[in-house]
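Chain letters run A, B, ... following the sequence lines, proteins first, then strands; residues in each count from 1.
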Amino acid sequence: MPHDPDPPPAKKFKPGSPFFRLDKKPVMLLPRKGITQLPIDVQRKQLPIYQAKSQLINQLRQLHNAVLIGETGSGKTTQIPQYLYEAGIGRQGIIAVTQPRRVAAISLAGRVAEEKKSQLGKLVGYTVRFEDMTSSETKLKFMTDGMLLREAIVDPLLLRYTVVILDEAHERTIHTDVLFGVVKSAQRKRKEQNKIPLKVLVMSATMDVDLFSQYFNKSPVLYLEGRQYPIQIYYTKQSQSDYLQAALVSIFQIHQEAPPSHDILVFMTGQEEIEALARTCRDIAKHLPDTCGPMTVIPLYASLPPAQQLRVFQPAPKGCRKVILSTNIAETSITISGIKYVIDTGMVKAKRFNPDSGLEVLSVQRVSKAQAWQRAGRAGREDAGSCYRLYTEEEFDNLASMTVPEIQRCNLAGVLLQLLALGVPDVLNFDFMSRPSPESMRTAVEQLDLLGAVERRGDQISLTPLGKKMACFPLEPRFAKTILVSPEFSCAEEVLTIVSLLSVDSVLYNPPARRDEVVAVRRKFVSSEGDHITLLNIYRAFKKVSGNKEWCRENFVNSRNMSLVAEVRTQLRDICIKLGLKLESSHLELAKVRRCLAHGMFTNAAELQPDGTYVALDTHHPVAIHPSSVLFQAKPAYVIFNELLHTSRCYMRDLCLVDPDWLQEAAPEYFRRKLHATKS
DNA sequence: GAGCACTGC
């Protein structure tokens with residue numbers, strides 16, 4: 001242990017609320033231990049929700065809307081669709097169950113197919129991007145919420161469906177929030193037009209119940225009662241100035257006192273601090289007295305290679321304690337069994353969006369109460385557990401009650417384009433459950449206007465023919481625009497590649513310890529024309545060796561992301577073919593490609609100033625070239641960039657050298673204003 | 001001369 005004269009924070013803990021849930025909140029269902037060894041139909045009947053089956057069916061038969069409350073894993077997601085189907089409710093069409101995440105949709109479909117003793121893709125199926133496991137026989141369909149939203153563009157009344165179940169609604173993803181409005185409107189219109197009614201069920205953990213119920217015509221809230229393993233909550237007596245130190249001390253406090261089979265899950269903010277704390281823990285664990293057992297420390301975050309992520313599921317050797325240091329990936333996406341203790345730093349790294357500057361800032365912030373409960377809940381999935389909050393009870397009381405829904409903190413251009421494509425008559429007054437700010441709506445309309453996607457007549461906004469085509473692409477509007485103008489420059493093939501590369505996580509792997517090697521190996525791809533062309537060179541080389549894994553390793557290319565790029569590209573290319581676009585290659589004439597990029601992404605342009613700094617032309621904010629760019633040492637007069645990242649300075653990332661004439665011809669009026677303003 | 005939580009179409 002470090003020499004710390006103060007008593008460790010864990011000693012200062014006092015018991016807080018004795019149970020996980022607050023008073024009056026319903027108790028949650030959780031699957032019983034050992035249930036998986038039983039035959040499948042016995043398992044189904046042992047789920048506590050089974051007791052409520054006939055009552056639930058009676059209620060759901062009559063209701064058009066209902067809000068169902070119950071913890072994830074209660075069995076509600078797998079059982080209720082089956083109950084409806086077995087009771088003949090909604091048999092004329094399909095019962096859809098939406099999920100925020102692909103893996104959830106896929107694994108739930110697998111589970112339910114197994115329970116129905118039916119081959120996956122027949123009665124029970126799933127649809128996610130790049131994968132459709134459904135057939136004409138499919139009646140129970142699990143899908144990502146984004147996928148149902150895409151379908152709604154073709155069929156705004158969702159006529160294939162008789163029931164839509166929006167699961168995990170409390171997560172409030174941007175897709176779920178838009179779907180709320182879409183299903184509500186479809187339901188009303190189908191009623192007005194005397195079509196088969198649409199039943200809408202919203203499933204959630206305990207948060208936001210009133211909001212959901214109010215929004216869906218004051219629909220009844222059905223509570224699924226059951227058992228909940230109690231979780232003891234502890235708060236610190238005093239506010240902690242250093243949550244990392246507090247976490248460290250708490251880990252070893254628990255380690256010295258608790259039986260070794262009890263695992264610890266620590267919620268932290270990011271890769272760097274996780275790796276640093278992991279090293280410190282391992283060092284300290286080496287020098288502990290023999291009375292203390294050994295400890296394995298496992299980091300967990302999304303950018304970790306899959307094989308290393310799997311380590312969190314392996315049980316520690318007997319007598320050894322498992323300590324998992326995780327980002328919020330373990331809040332929802334990854335469920336680890338055997339967790340007895342949760343340590344919650346109370347902090348999270350999250351993106352914030354400033355609609356005025358169009359700037360996204362990634363910053364460390366306090367969690368919401370809802371998030372804190374979600375984290376605590378990870379200690380009580382199989383048995384009673386404890387949660388140590390590294391903040392005082394008063395600090396907890398002052399937290400925001402829920403996380404601000406995604407729709408209120410991101411760029412809305414894509415959402416508005418989608419709503420317009422859905423035929424929503426008055427987008428600015430769309431019936432959002434949580435309305436985004438008027439400024440961010442205005443910014444989005446302006447952006448779409450600049451791209452030529454919309455026409456404005458007074459308050460009326462409608463799609464132009466170009467806008468209609470843009471909405472066909474599962475992309476940010478500016479990327480869709482770039483693809484659509486590419487035939488004019490005879491470079492669609494190259495632009496498809498570049499847009500695909502920009503719309504997934506980076507394909508470049510940069511282990512800091514091998515920096516010199518990375519620089520040397522990457523030299524052969526570098527283009528003086530910028531990062532876009534450099535990426536294109538890497539993709540071309542990757543294709544030349546047919547995606548060889550060994551080649552990826554040698555060249556520090558992330559093969560998982562590169563394969564995803566290829567999949568995205570195929571999808572985008574298919575859409576181009578459906579739209580009848582002329583797909584040509586510019587081959588070696590890469591200036592054509594850059595000119596095309598300038599036409600699609602002119603809103604992200606920057607100009608070199610006489611003093612050697614850069615100014616973003618859109619906002620006149622001072623910006624700088626990110627050191628990871630191949631243009632870092634260069635001083636091009638004009639560039640376009642893919643994104644701005646505000647850290648120590650405001651950095652442009654992924655740059656492409658452009659000619660100012662191209663910008664002028666792409667948006668003459670806009671640049672007359674912008675260039676003039678800069679010079680004055 | 002930096003350093004990036006998590007999803008998804």
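Here A/T173 lies out of heavy-atom contact (under 4.0 Å) with every strand. Here A/F473 lies out of heavy-atom contact (under 4.0 Å) with every strand. Among the atoms of the strands shown, only primed sugar atoms or phosphate atoms (P, OP1, OP2) are found under 4.0 Å from some heavy atom of A/Q271. Heavy atoms of A/R649 sit nowhere under 4.0 angstrom from any nucleic acid atom. Contacts of A/R129 with the nucleic acid, taken as non-hydrogen atoms under 4.0 Å apart, include base atoms.
Inspection of the A/E273 and A/Y243 side chains reveals an N or O donor paired with an N or O acceptor under 3.5 Å.
Rounding to the nearest 0.5 Å places CZ of A/F267 at 6.0 Å from CZ of A/R375.
The side-chain heavy atoms of A/I339 and A/I324, taken from C-beta on, include a pair separated by under 4.5 Å.
First and last contacting nucleotides of DNA chain B toward chain A (any atom under 4.0 angstrom from a heavy atom, 5' to 3' order): B/dG1 to B/dC9.
The list of side-chain hydrogen bond (donor to acceptor under 3.5 Å, both in side chains) pairs with a residue in residues 140-150 of chain A, not counting sequence neighbours, reads A/K141-A/E151, A/K141-A/Y161, A/D145-A/T173, A/D145-A/T176.
Judged by a 6.0 Å distance limit and a 45° cone about the ring axis, A/R514 is not positioned over the six-membered ring of A/F556.
Place A/Y651 and A/R409 on DNA chain B by their nearest nucleotides, and A/Y651 ends up nearer the 5' end. Taking the nucleotide of DNA chain B with the nearest heavy atom to each of A/Q99 and A/K349, the more 5' of the two is matched to A/K349.
Nearest heavy atom pair, residue A/T534 against residue A/G530, reads OG1-O, 2.7 Å.
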